[in-house]
**Q** 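Encoded as structure tokens, here's the structure I'll be asking about.
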Amino acid sequence: MMNPLDASLFLNSYSVPYNGFKNNDLALSILYSKGTIILHYLVLKQKNKEKYMICGFDFISGSIIPVEIRNIGSVLRNLRDFLNSEYNTINIVIESIDEIVEHFEKEKIKKEIDTYKALSILTSTHRNIISGSCEAYSNGKLIRPHNSLLISSRNGLIFGKFEFESNQDIIQSLKNIHLSEDWVIRYRINGNSIESAGTIYEVKKGTDGITLLLSSFIHELSKKKLDVLSFQGLDPHSPVQAILRSSGMLKEQINIEGFGKKFVPYLVLLPIENLLLNNPEFGFGDITFLTKDQAFVMYKGFEEKYNHNVLGQFDTFAQTIVESYNAYDAYLLGRQKVQDAIDMIILLSKNERVFNFYNLGNELNEWNRLRLYQNPKCSSLYYVENIIGVENILGDSKNNWENNSLGVDSQFERMFRELNWFEEKLYKKQTGQHSILEKQLFNALKWLNRSWKAEDIEDKVIYTNISMEFLVDKIETSPFLPDEIIREFKKLLKQLLKEQSDTFTEEYSRKIKDKSLSKLKDPPLKTKVQTLIRQFAIPVTDEDFSKLWKVRDYRNDLVHGKDELQINPENILIANILLGEFIVYRLRSMEDGD
């Protein structure tokens, strides 16, 4: 049996001896489950021509079969809806698809092969049945759809649609699912189990039930708007890293077969905001700050790229040399070096007394209070050039997304009407009637929103943790240690310090007591968070909590100065979603006067 969800399906050659379809590419694989019946279809495309054929496929025997005439309308409608949707990330276009669907729905379908416009269908009245079942998992929950549709390409799953009956068990199960979670699909066929996975993007309610839509990370990536990305070179690592990693993918997740990595020197040139040079250039450490004109003189390739309007707003640039495996990593290394230099410049510009304390002569140095308000920084734009090869890239590291405005429609308004208590909490805050606890929770919300809006990932970590601390500050937990244990420990500690007074002087004894006794009754933050989850019966899995607490570990590493910190943005995403849920649970459960 072949795996209908595996990319290897697209490596095989499929031929139909009709009208040029002996030589074709497999464009799409369509897998249906309807109750206990599994149906599989292929969309073939002629090489170098915009002509398509739909045929059935028996993945048990690995052979092409006709499409059941009774199912052609359903297949075409689903294909049309996919092609016209935002989930069509590979941009397959079948001209006149609406007219084609209408034709096959109204006209009598021919047996064997029927063609209209650019689409042919291999047809038969015979019904091919493969028995099986479909089940889906998300965050440990098992849910069985009564219908499913998966559409995939050679790059994997593109689109999935799962239909559920609208009953209370299903509704309660779907309520526990985040839109950020992965959805694991499992088909059981002839004793075999095959799996695929995608990310949940949309839940729709209809008169017949509930529909859940999912896609791959590529769908989200298709919504990323690159203000500028210009690349010249033969090695695809640099542009691929620049696009995918600025969208949230980890470096370890990116692998380009057939292209080895080369460690080479790169020139990094960054536009600097709020910094003006009176001289053509200024060297500081391993960084050279340049005027625009000086940069043109030194780097001819950069002058060509400067023709892009995006760079026209900058007068000052910073230049450095780094070694890296690709231009995007070179940019990150160079930006850190430049930012280190800028931090040192800001330090001196805001501490004028240092000039006078440490200058080499007896003269007074000039200073200006207005410098306190100027903060030079690296722009999100960058230019990187391979020093020994023909490769350069001009890009923007800022995350911009299409349709970035929050839309408030009738459905969104209905949510607020259903959550009337939610608006009451806001009204109390706006009129100064909120309690101490409510103030804490609105502070938690303020810092959570700062984390959502922050561009810098380390800022996100800090803001997320501040939100967490406000959230659980007033949580009452069981004593961290029983009172009798604490009393006994104090007694033994004092006795030891007294008996060893020659070693533990009065000063050392005081420091030991301060460190050892001051927080014996204070529960750790982790205990408070776990108590909150238990107290309000919040549906959080062990995996979710692990990701949440990983962000706390990031914070501890940051504030304790640990270098080479690797932060996974997915963990911050999950943490922020969970903290938002925790805030709502606490607001909802509060009684007047809390």
Side-chain angles (χ1 to χ4, degrees), residues 138-141 172-182 200 203 406 412 415-416 418-429 434-454 457 459-478 480 522-556 558 567-594:
S138 181
N139 220 343
K141 301 289 183 181
Q172 291 304 317
S173 295
L174 292 176
K175 277 186 173 183
N176 289 325
I177 294 173
H178 299 302
L179 291 182
S180 65
E181 290 174 356
D182 287 336
I200 303 170
V203 176
L406 174 62
F412 206 81
M415 289 169 54
F416 284 109
E418 292 179 2
L419 301 173
N420 58 345
W421 59 270
F422 198 73
E423 187 174 2
E424 290 174 6
K425 298 297 183 183
L426 174 63
Y427 180 77
K428 288 176 65 178
K429 172 69 164 60
H434 54 291
S435 66
I436 294 175
L437 178 53
E438 285 172 325
K439 182 179 180 180
Q440 287 288 109
L441 296 178
F442 275 103
N443 278 329
L445 175 59
K446 176 181 72 175
W447 288 101
L448 176 60
N449 283 333
R450 287 189 182 182
S451 178
W452 280 121
K453 292 183 287 187
I457 195 166
D459 289 342
K460 285 182 176 289
V461 168
I462 296 300
Y463 296 155
T464 295
N465 277 276
I466 294 175
S467 175
M468 190 189 309
E469 293 182 11
F470 271 114
L471 173 66
V472 299
D473 182 62
K474 303 299 181 183
I475 284 287
E476 295 185 2
T477 67
S478 301
F480 182 51
D522 291 345
L525 182 69
K526 190 172 188 177
T527 300
K528 290 184 178 181
V529 176
Q530 290 171 327
T531 300
L532 171 71
I533 293 171
R534 287 195 303 270
Q535 184 176 338
F536 299 106
I538 304 174
V540 177
T541 66
D542 292 341
E543 182 180 0
D544 276 346
F545 187 82
S546 175
K547 292 179 179 178
L548 167 67
W549 206 251
K550 192 66 180 174
V551 180
R552 184 65 181 180
D553 293 337
Y554 297 154
R555 174 263 180 198
N556 292 339
L558 276 173
I567 299 175
N568 186 344
E570 179 188 354
N571 292 335
I572 301 176
L573 172 65
I574 296 298
N576 284 355
I577 289 174
L578 291 175
L579 288 178
E581 291 184 4
F582 296 169
I583 291 171
V584 173
Y585 268 90
R586 289 211 72 184
L587 284 171
R588 180 68 182 91
S589 65
M590 286 176 56
E591 300 292 338
D592 290 339
D594 285 352

**Q** Hey, is the main chain of Ile574 close enough, under 3.5 Å, to the side chain of Asp544 for a donor-acceptor pair?
**A** no
**Q** Using side-chain heavy atoms (C-beta onward) and a distance below 4.5 Å, is Arg588 in contact with Trp421?
**A** yes
**Q** I'd like to know if Lys425 and Glu438 make a salt bridge, using a cut-off of under 4.0 Å between side-chain N and carboxylate O.
**A** yes
**Q** Has Lys446 got more than 12 heavy atoms of other residues, nucleotides or ligands less than 6.0 Å from its NZ?
**A** yes
**Q** Are side-chain heavy atoms of Phe422 and Val584 found at a separation under 4.5 Å?
**A** yes
**Q** So how far is it from Ser546 OG to Asn571 CG, rounded to the nearest 0.5 Å?
**A** 7.5 Å
**Q** Could you check whether atom CG of Asn420 has more than 12 heavy atoms from other residues, nucleotides or ligands sitting under 6.0 Å from it?
**A** yes
**Q** Just jot down the ring-ring contact (aromatic ring centres under 6.0 Å, His included) partners of Phe536, sequence neighbours excluded, or say none.
**A** none
**Q** Say whether, by atom type as modelled, one donor and one acceptor occur between the side chain of Thr531 and the main chain of Thr527 under 3.5 angstrom.
**A** yes
**Q** Is the shortest side-chain heavy-atom distance between Leu437 and Phe442 below 4.5 Å?
**A** no
**Q** Hey, could you give me the CG/OH distance between Leu578 and Tyr585, rounded to the nearest 0.5 Å?
**A** 11.0 Å
**Q** Between Phe582 and Leu548, is any pair of side-chain heavy atoms under 4.5 Å apart?
**A** yes
**Q** Please check if atom CD in Gln535 has more than 12 non-hydrogen atoms from other residues, nucleotides or ligands closer than 6.0 Å.
**A** yes
**Q** Scan for salt bridge (Lys or Arg N to Asp or Glu O under 4.0 Å) pairs involving residues 530-540, sequence neighbours excluded, and state none if there are none.
**A** none
**Q** Tell me the salt bridge (Lys or Arg N to Asp or Glu O under 4.0 Å) pairs involving residues 546-556, sequence neighbours left out?
**A** Glu469-Arg552, Glu543-Lys547, Lys547-Glu570
**Q** I would like to know whether Ile466 and Arg450 meet side chain to side chain contact (heavy atoms under 4.5 Å, CB included); could you show each step before the answer?
**A** CA-CA 10 Å; Ile466 294 175; Arg450 287 189 182 182; over 6 Å; no
**Q** So how far is it from Gln440 CD to Ile475 CD1, rounded to the nearest 0.5 Å?
**A** 11.0 Å
**Q** Side-chain contact test, heavy atoms from C-beta onward, threshold under 4.5 Å: evaluate it for Tyr463 versus Lys453 and give yes or no.
**A** no
**Q** Tell me whether Lys460 contacts the main-chain N or O of Ala454 through its side chain, where contact means a donor paired with an acceptor under 3.5 Å.
**A** yes
**Q** Where do Leu532 and Ile538 come nearest, in terms of heavy atoms and distance?
**A** O-CD1, 4.2 Å
**Q** Measure across Leu441 and Ile583 and return the closest heavy-atom pair with its distance rounded to 0.1 Å.
**A** O-CG2, 4.3 Å
**Q** Find the distance between OG (Ser467) and CG (Asn443) and round it off to the nearest 0.5 Å.
**A** 9.5 Å
**Q** Quick one: does Met468's side chain get under 4.5 Å of Val551's, heavy atoms only?
**A** no
**Q** Show the nearest heavy-atom pair for residues Ala444 and Leu471, with the distance to one decimal.
**A** CB-N, 3.9 Å
**Q** CD1 of Ile577 to CD1 of Ile572: how many Å apart, nearest 0.5 Å?
**A** 12.5 Å
**Q** Is the ring pair Trp549/Phe545 parallel, tilted or perpendicular, if the boundaries are 30 and 60 degrees?
**A** parallel
**Q** Does any part of the side chain of Tyr554, heavy atoms only, come nearer than 4.5 Å to the side chain of Ile457, both counted from C-beta?
**A** no
